[in-house]
Protein chains: 2
Amino acid sequence: MGTDEKKVAESVAWRPGGAVKRAEQALMAEKSRVLRPFGLTVPQYAAMYALSLAPGISGAKLARLCSVTPQSMATVIKTLESRGLVERRPSSDHAQVLVTRLSRAGQALLRKADAEAVAVERRLVDAFTPDEVALLRGLLERAVVVLTDGEHDDTEHDDSEHGADSS
Amino acid sequence: MGTDEKKVAESVAWRPGGAVKRAEQALMAEKSRVLRPFGLTVPQYAAMYALSLAPGISGAKLARLCSVTPQSMATVIKTLESRGLVERRPSSDHAQVLVTRLSRAGQALLRKADAEAVAVERRLVDAFTPDEVALLRGLLERAVVVLTDGEHDDTEHDDSEHGADSS
DNA sequence: AGGCGTACATCAGGGCTTTGATAGATCTTG
DNA sequence: CAAGATCTATCAAAGCCCTGATGTACGCCT
């Protein structure tokens with residue numbers, strides 16, 4: 001006897017966290033796999049992708065776009081910079097703010113890597129009807145709201161602009 | 001104003017990965033928050049929970065239950081062991097296999113921590129109808145299958161028992 | 001102008017996770 | 001019995017991610 005492995009596995013997997021975790025993990029694993037040939041990790045790719053859409057933003061904003069802390073983004077950017085894929089320079093109107101943008105090499109690499117990453121996401125989306133995709137997105141969004149909402153001690157205000165961009 | 005921040009944010013968030021990632025992150029963040037007072041991280045809690053259901057299993061099996069690599073589980077277990085929350089000892093019938101189980105202190109701590117963790121999951125589940133929860137679970141499962149399935153070079157076989165339990 | 005609040009960048013420390021490689025024990029099979 | 005496959009544990013290296021704490025720069029407001 002001894003705990004009946006199958007049943008235990010089910011119990012553990014049935015936890016609401018389990019399903020989300022496994023999905024996220026599967027997605028990360030697959031993306032990692034297709035990104036590996038380019039020497040990119042998923043966070044690195046995500047940062048570069050965001051950077052391609054918003055060139056020259058601050059590290060902090062980039063972090064927010066990628067849903068990570070500024071510290072995490074700093075380590076990612078440092079690696080990318082050491083490989084010459086991105087370039088950082090002090091902002092002209094905001095000394096102390098560092099604006100980041102893709103280098104030419106970075107743009108070229110991203111173009112190729114992006115094709116693969118998009119293909120993975122497409123493979124995923126194609127396995128569902130458009131309605132199902134919308135439904136899934138909606139349910140996940142609601143989950144985020146529910147979990148994020150009962151706010152504890154965070155100060156509430158606006159955010160938006162304050163002027164640290166360029167171009 | 002270059003790059004219209006709002007629009008960029010939307011584009012980034014709209015990526016299929018974004019929704020799943022944010023949901024997982026929100027869940028992790030909330031669980032971390034309620035677990036912090038107990039000095040436990042989410043992976044530590046997960047391992048202890050699995051351990052409470054399957055006492056005395058090997059580290060490798062525990063890793064599989066928690067959907068992490070044996071290496072990850074090893075670091076988690078090492079921390080838990082150093083705090084006296086779990087105990088490891090060589091298996092009687094399988095020298096070289098280490099069986100792990102919760103210590104009394106670990107059981108006591110888990111009981112309290114589990115209540116909080118379950119409350120978070122319950123808060124989440126309660127925000128949806130039972131049908132929606134089932135639907136979400138189903139969609140996520142399908143996503144995992146789609147992403148995991150196109151298998152590359154993994155060997156296929158059965159698994160199940162081989163006999164490394166106790167009690 | 002002096003202060004307060006906000007944002008940015010970074011150092012420090014703790015943990016998790018993955019890939020890759022090493023090595024001993026056990027089971028299966030010829 | 002010996003070989004090969006399988007499972008287990010662990011070392012090592014590289015990254016990512018988070019919390020907490022500093023120190024600086026800028027904007028607004030009195």
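Reminder, nothing fancy here: chain letters follow the sequence lines and each chain counts from 1. Below, each value reflects all heavy atoms present in this structure, side chains not excepted, and no hydrogens, waters or symmetry copies. Quick caveat, the model's predicted, so the values are computed rather than measured.
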> For the side chain of B:Pro43, starting at C-beta, report the closest nucleotide among D:dC11, D:dT10, C:dT17.
C:dT17
> Of the listed nucleotides (C:dT18, D:dT8, D:dC26), which one gets closest to any side-chain atom of A:His94?
D:dC26
> Reckon A:Lys21 has a side-chain N or O less than 4.0 Å from the OP1 or OP2 of C:dT17?
yes
> Name the closest nucleotide to the B:Thr41 side chain, picking from C:dG15, D:dC17, C:dC11.
C:dG15
> OP1, OP2 of D:dG15 versus side-chain N and O of A:Thr75: anything below 4.0 Å?
no
> Distance check: side-chain N/O of A:Ser72 vs OP1/OP2 of D:dC16, anything under 4.0 Å?
no
> If you check every side-chain atom of A:Val76, which of D:dC16, D:dC18, C:dT17 has the closest atom?
D:dC16
> So which nucleotide from C:dC8, D:dC26, D:dG15 ends up closest to the side chain of A:Ala95?
D:dC26
> Answer with yes or no whether B:Gln96 presents, from its side chain, a donor or acceptor under 3.5 Å of a partner atom in the base of D:dT8.
yes
> Closest to the A:Thr69 side chain: D:dC18, D:dG23, C:dA21?
D:dC18
> With no angle test and no hydrogens, is the base of D:dG20 tied to the side chain of A:Gln71 by a donor-acceptor pair under 3.5 Å?
yes
> Would you say A:Arg64 places a side-chain N or O within less than 4.0 Å of OP1 or OP2 belonging to C:dC8?
yes
> What nucleotide, of D:dC26, D:dA9, C:dC27, holds the atom closest to the side chain of B:Arg88?
D:dA9
> Please determine whether side-chain contact (heavy atoms from CB on, under 4.5 Å) holds for the pair A:Val86 and A:Leu51, giving the CA-CA distance in whole Å, both sets of side-chain angles, and the decisive distance to 0.1 Å.
CA-CA 9 Å; A:Val86 304; A:Leu51 229 31; 3.9 Å; yes
> Below 4.0 angstrom from OP1 or OP2 of D:dC11, is there any side-chain N or O of B:Lys78?
yes
> Would you tell me if any nitrogen or oxygen in the side chain of A:Ser67 comes within less than 4.0 Å of OP1 or OP2 on D:dC17?
no
> So, OP1 or OP2 of D:dC16: does either fall under 4.0 Å of a side-chain N or O from A:Gln44?
yes
